[in-house]
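I have placed the structure first, in the form of structure tokens, so that the comments after it can refer back to it.
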Amino acid sequence: MTFTKLESRELIDIQSQGHLYQHDQSGAQVLYIQNDDPNKAFTIAFRTPPYNDNGIAHIIEHSVLNGSTKYPSKEPFVELIKGSMNTFINAMTFSDKTVYPVASTNDQDFKNLMAVYLDAVFAPNFHQNSQILAQEGWHLHLEKAEDDLIYKGVVYNEMKGAMAAPEPQLFDQLNQGLYPDSIYAHESGGLPSAIPSLTQEEFVSFHNQYYQPGNSLTVLYGDLDLEEAFDQLGEYFDGHDPLTEPVDLTVDLKLPSQERIEASYSIASEDDPSVKDFLALSWHVAQAEDVFELAGLEVLEEVLLGNQESPLRKAILDAGLAGDVYGGVDRVGSVQAFAVVAKYSSTQKLQAFQDLIQETLTRLVQAGLDKDLIQASINKIAFNLKESVISESQPRGVLYALTALETWLYGGSPFAAFEFSALLEELKDKAQNGYFEHLIQEKLLDNSHRVLVSLKAEPGKSDREEAKVHQELQAYKKNLTAEGIQSLLETTQALITRQEAPDQPADLAKIPMLKQEDLQVQVEDLNLSVEELDQAGHLYSSDQFTSGIDYLDLWLDISDFQAEDYCDLSLLAYLIGNVATKNSTAAQLKQKMDLHTGGISAKLRIFADDHYEVKPFFALSGRALEDKSEELIDLMHEILMESQLDDPKQVSVLIMAQISQFQNRINYMAHQLAQSRALSQWRAHVKLQEYANGIDYYDYLQAQWQKVQDGQASEVLDRLDQVRQKLLNKKRLNIIYIGDSTRKQVLSDQVLAKFSDLPDQVIGDLVDYQPGPKQDEAFITAQDVNYVAMGMDTRDKLDFQARTAILMNELLYGYLWNTIRVKGGAYGAGGQHTRQNLLSFNSYRDPNIRRTIQSFQAIPQVVAQLNLDQQAFLKDVIGTLSPLERPKSAVDRGLLSLALHLTGSSPEKLTQLKQAIIDSQVEDLKPLSQSLASLLEEASLVVIGNKGQIEAEGELFDHIRDLY
């Protein structure tokens, strides 16, 4: 069978050509985005509408990657992660589609990835093996007759973690209200309460219905051999006819049955629920095919809610109705909504919240929106789009596939969303004639298709629900016959036996992989130039192609600041650029930044070199088109030199925004927080990072916010200003430029001239920073799962080298994946061994604590018993090299070159490391077990998670406290 071209189009905005094809027999469509990008990508997507909350689409996404007809090993997906040169490999479930993308810069590797993924989605083994649903979805777990009966499953525990956060619960309520009796009223990821209703028969039937070529949409991207790709697709598309009934994702729109919805979410049982409620107002505003309107609504989102000074967001904050506000376009699926969310509020303020939104929007329409504000918002979006085209850090082929699906999935053109320049130009023209005021009036003010939701904080709710589920399971177990108990014991043991059994070598050998001769050691020249500056530090520049964008950073040396100053420095970094200056209100400053630049922001950057000497900087970073360099430097000067720290109300709002951002990290990245906390007890630079953005910083933010509420704002502001005054010193200044090397001197001269008013003072002595106190800690959150981390200092015991990097790849995607995720039911396990000789292991959305700790502690024994053949070892070598081969954007290459310089490394050392990895031998690994054993005996333990489970394991910890 063949593929027939339906259409070709020049995609100027993404510097590509688009070609749309259709498979003659099945009707499956394929989009090829052709360009010279060596980072090739393949994405296949299926329309997968959920029919309830049992998570069937999500669990199938996991399960298809657990073995297939051609590749019958238990988890080919893990084998690909472990031993391919992929630049991206994943699978994703959305509200109405499931997407399987891969990318690689290696031609053979790309073909291998395509081959395994195609067989996985079209010929998975779970049709014949119900243990895959049990493992990835859910099962009743009983290892011993006297044990408590529990639910177990990877997705079950993943969604327990995901749905513990209030935001997913809030948007579930909004979608249920806006789109009742539709597929979008369901949680496609699955609700823990509904997942255990899913049966094997439903599972197989859903896959048979939706995983058909005629229901697929495929995107090929980059510099690839199209005929070879078509041959691979044809193997699975040929022989299939079009769907007799195409999958319809349209929604029969009906007005909400109730305008107000009340619900609750869980906070810790001892937590004060005051001012922790969420309020939200959401409207149905468009269909997926309304591309122009949606572009306008994206701009309107930026105008109304884009930053703290945006008019609608500011009105809600100034009225004291919330501690944080966010929202905008919510791409639900074939239907699109627009939401305004108030966080840290009270359900008692719901009517005032709705009234204020109505009043503010009415006023904006009547007075007319500020044309410069609209222009600034369009410029900001346009700059971000331009920058994304030249970025290589994220595989563009995967991002473009998701973009195409925004319209293509619903019967529209896959090219529509790529013509953004024309859309933005048309929006600029229409803005002069009141288009955005019209959008507000039509889509928001006059739109009766809306819903108002309050989500109330309820202390201990999840604990009570967990207790209820536990009681129900034990009651169910109590009513079982002896035969029923025995059946559960046998099915549980059978699953454990499968999980523990190694794959057959013949099955593993079927997974295609590269050969050693396919590997290379060359590292691209990162082009770092270092020059001394008169009366200051250094000019660091990296010659990179940036498509006419200047990337300019000012890094101020802070090595003489005390450790306790780093919290103040981190808050200061967030405040400047968000507060008023001598010559601009905060709103005016934001508007100028968006009009003239691609953004200016500050953060702390903390390094440690090969001798563990800390090298910390306060970094102010900006980017702009070359013809805007003077405006960029003027704004960077205004932000650094003239920011006003004298408005307690404004600072209070900004501190609360930082608290909000950190709490989101607790909900979604607590494994990273736990890992950093554990390592901070071993190394000074990680402890400083804790002060800058870890749990220490979170504690500091809460303390500063409370001081402001208690009338001690002057103490907070005075302290911040003292830190700022110390920071402003010409001798601290380093200039970093990434872009066209012919411009570095011009930019450097402009910076030095503009910042000639910096005080010139002697820098104090370097501070001898120390790590944190050694203690095992647990932090309680309102979650039903845990995040377990252990950290160690390996210097002089297990120094970082090629063989330790290979061993980590084997442990992460071999032993730990199987023990923590497959058998333990956690969503994942991770870890790292860094060049600074820090070793860590962690788990993510984990139902266990002690069991996971024991799994970490068993690593030395596992290493001592490793029995890898040459093929398995080569797979680890390839997987270890893979992260070193991933493409980076121009700015990331420039920053990497600087980081290598500051830490005592270089591209040459990376080349040596790659060669050492390739030259390593399988027998190099076992001898590492003894060092690992001594390290794990003194490792730091940090757990973030469930109150009941932490308290039940209280003897493991020196210190337990509530976090959030």
Side-chain angles (χ1 to χ4, degrees), residues 164-171 173-174 260-282 305 307-308 310 312-327 339-357 360 452-463 571 574-575 578 647-668 695 697-713 716 779-783 947 961-964:
E167 283 85 352
Q169 299 178 53
L170 178 68
F171 279 89
Q173 294 293 336
L174 290 172
R260 295 193 179 194
I261 297 173
E262 296 180 359
S264 65
Y265 77 97
S266 183
I267 59 175
S269 56
E270 286 83 18
D271 201 356
D272 182 358
S274 302
V275 200
K276 288 191 172 68
D277 301 340
F278 284 72
L279 313 176
L281 178 59
S282 186
L305 298 162
N307 59 66
Q308 303 286 351
S310 300
L312 182 55
R313 187 172 180 181
K314 182 174 173 58
I316 297 170
L317 292 171
D318 287 351
L321 297 179
D324 194 17
V325 178
Y326 60 91
V340 180
V341 178
K343 187 176 182 180
Y344 307 122
S345 187
S346 166
T347 55
Q348 297 176 350
K349 297 178 179 179
L350 186 62
Q351 187 61 51
F353 170 70
Q354 183 181 30
D355 291 345
L356 182 63
I357 292 174
T360 304
L452 189 64
V453 172
S454 62
L455 191 67
K456 190 173 182 62
E458 184 179 335
K461 178 182 179 180
S462 66
D463 293 337
L571 177 56
Y574 179 71
L575 293 178
N578 285 305
D647 185 340
K649 185 174 182 180
Q650 186 182 43
V651 170
S652 176
V653 166
L654 291 168
I655 291 174
M656 184 53 70
Q658 282 269 275
I659 292 173
S660 174
Q661 292 169 19
F662 194 92
Q663 290 177 347
N664 283 336
R665 290 176 64 201
I666 296 172
N667 288 327
Y668 297 102
I695 291 173
Y697 183 55
Y698 179 56
D699 293 341
Y700 162 86
L701 288 172
Q702 292 183 307
Q704 304 315 296
W705 186 82
Q706 192 59 54
K707 284 181 180 179
V708 175
Q709 309 316 302
D710 293 343
Q712 302 173 41
V716 175
F779 299 90
I780 293 171
T781 64
Q783 299 205 31
K947 174 182 174 63
R961 72 173 177 87
D962 289 341
L963 183 59
Y964 164 55

Test item: I780 and L963 side chains (from C-beta on) under 4.5 Å apart, heavy atoms
no
Distance-minimising heavy-atom pair for D324 and S660
OD2-OG, 2.9 Å
With distance as the sole test, does S346 use its side chain to make a donor-acceptor pair with the main-chain N or O of Q348 at under 3.5 Å?
yes
Just verifying a value: how many Å separate Q783 CD and I267 CD1, rounded to the nearest 0.5 Å?
13.5 Å
Taking side chain as C-beta onward, heavy atoms only, is L571 less than 4.5 Å from L701?
yes
Partner set under salt bridge (charged side-chain N to carboxylate O under 4.0 Å, His left out) for D699, not counting sequence neighbours
R961
With side chains defined as the heavy atoms from C-beta onward, is the minimum distance between L317 and K649 less than 4.5 Å?
no
So, taking the atom named CD1 in I655 and the one named NZ in K707, what distance separates them when rounded to the nearest 0.5 Å?
10.0 Å
Are the side chains of Y964 and R665 in touch, meaning some heavy atoms are under 4.5 Å apart?
no
Does the side-chain contact (heavy atoms from CB on, under 4.5 Å) test come out yes or no for N664 and K343, once each step is laid out?
CA-CA 12 Å; N664 283 336; K343 187 176 182 180; 3.6 Å; yes
Under a 4.5 Å cut-off applied to non-hydrogen side-chain atoms, are S269 and K947 in contact?
yes
Audit row: V716, W705, side-chain contact (heavy atoms from CB on, under 4.5 Å) steps and yes/no
CA-CA 9 Å; V716 175; W705 186 82; over 6 Å; no
Taking the side chain as everything from C-beta on, heavy atoms only, tell me whether D277 gets closer than 4.5 Å to L455.
no
Does CD in E270 sit with more than 12 non-hydrogen atoms of other residues, nucleotides or ligands closer than 6.0 Å?
yes
For S652 and Q709, does a side-chain donor sit closer than 3.5 Å to a side-chain acceptor?
yes
Atom CG of L305 and atom CG of L312: how far apart are they, to the nearest 0.5 Å?
5.0 Å
Worked verdict on T781 versus I666 for side-chain contact (heavy atoms from CB on, under 4.5 Å)
CA-CA 8 Å; T781 64; I666 296 172; 3.8 Å; yes
Rounded distance [0.5 Å steps], CD in Q354 versus CG in L452
5.0 Å
Does K461 use its side chain to pair, donor to acceptor, with the backbone of S264 at less than 3.5 Å?
yes
Minimum heavy-atom separation for A782 and A268, please, with both atom names.
CB-N, 3.4 Å
By ring-ring contact (aromatic ring centres under 6.0 Å, His included), Y698 pairs with (sequence neighbours left out) F662
Determine yes or no for a side-chain-to-main-chain donor-acceptor pair under 3.5 angstrom, with S345 supplying the side chain and A322 the backbone.
no
Determine whether the side chains of T347 and S454 contain a donor N or O and an acceptor N or O closer than 3.5 Å.
no
Pair D710, Q706: side-chain N/O donor-acceptor within cut-off below 3.5 Å:
yes
Give the C-alpha distance, both sets of side-chain angles, the deciding distance and a yes or no for salt bridge (charged side-chain N to carboxylate O under 4.0 Å, His left out) between D355 and K349.
CA-CA 10 Å; D355 291 345; K349 297 178 179 179; over 6 Å; no
Taking S310 for its side chain and N307 for its backbone only, find out whether a donor-acceptor pair lies under 3.5 Å.
yes
Results of ring-ring contact (aromatic ring centres under 6.0 Å, His included) for F353 - residues two or more places apart only
none
So, does N667 use its side chain to make a donor-acceptor pair with the main chain of A165 at under 3.5 Å?
no
Is there a side-chain contact between Q650 and L654 (heavy atoms, below 4.5 Å)?
yes
With Y265, which residues qualify under ring-ring contact (aromatic ring centres under 6.0 Å, His included), at least two apart?
F278
Shortest non-hydrogen contact between M656 and G323, atoms and distance:
CG-O, 3.2 Å
With D318, which residues qualify under salt bridge (charged side-chain N to carboxylate O under 4.0 Å, His left out), at least two apart?
K314
Applying side-chain hydrogen bond (donor to acceptor under 3.5 Å, both in side chains), run through Y668 and E167 and close with a yes or a no.
CA-CA 11 Å; Y668 297 102; E167 283 85 352; 4.8 Å; no
So, taking the atom named CD in Q169 and the one named CG in L174, what distance separates them when rounded to the nearest 0.5 Å?
12.0 Å
Start with the C-alpha distance between V341 and V325, add both sets of side-chain angles, then the distance that settles side-chain contact (heavy atoms from CB on, under 4.5 Å), and finish with yes or no.
CA-CA 6 Å; V341 178; V325 178; over 6 Å; no
Are I316 and V340 close enough that some pair of their side-chain heavy atoms sits under 4.5 Å apart?
yes
Once salt bridge (Lys or Arg N to Asp or Glu O under 4.0 Å) is applied, what residue pairs with a partner in residues 651-661 remain, sequence neighbours excluded?
none
Closest non-hydrogen contact found for G460 with S266 is C-OG, 3.9 Å
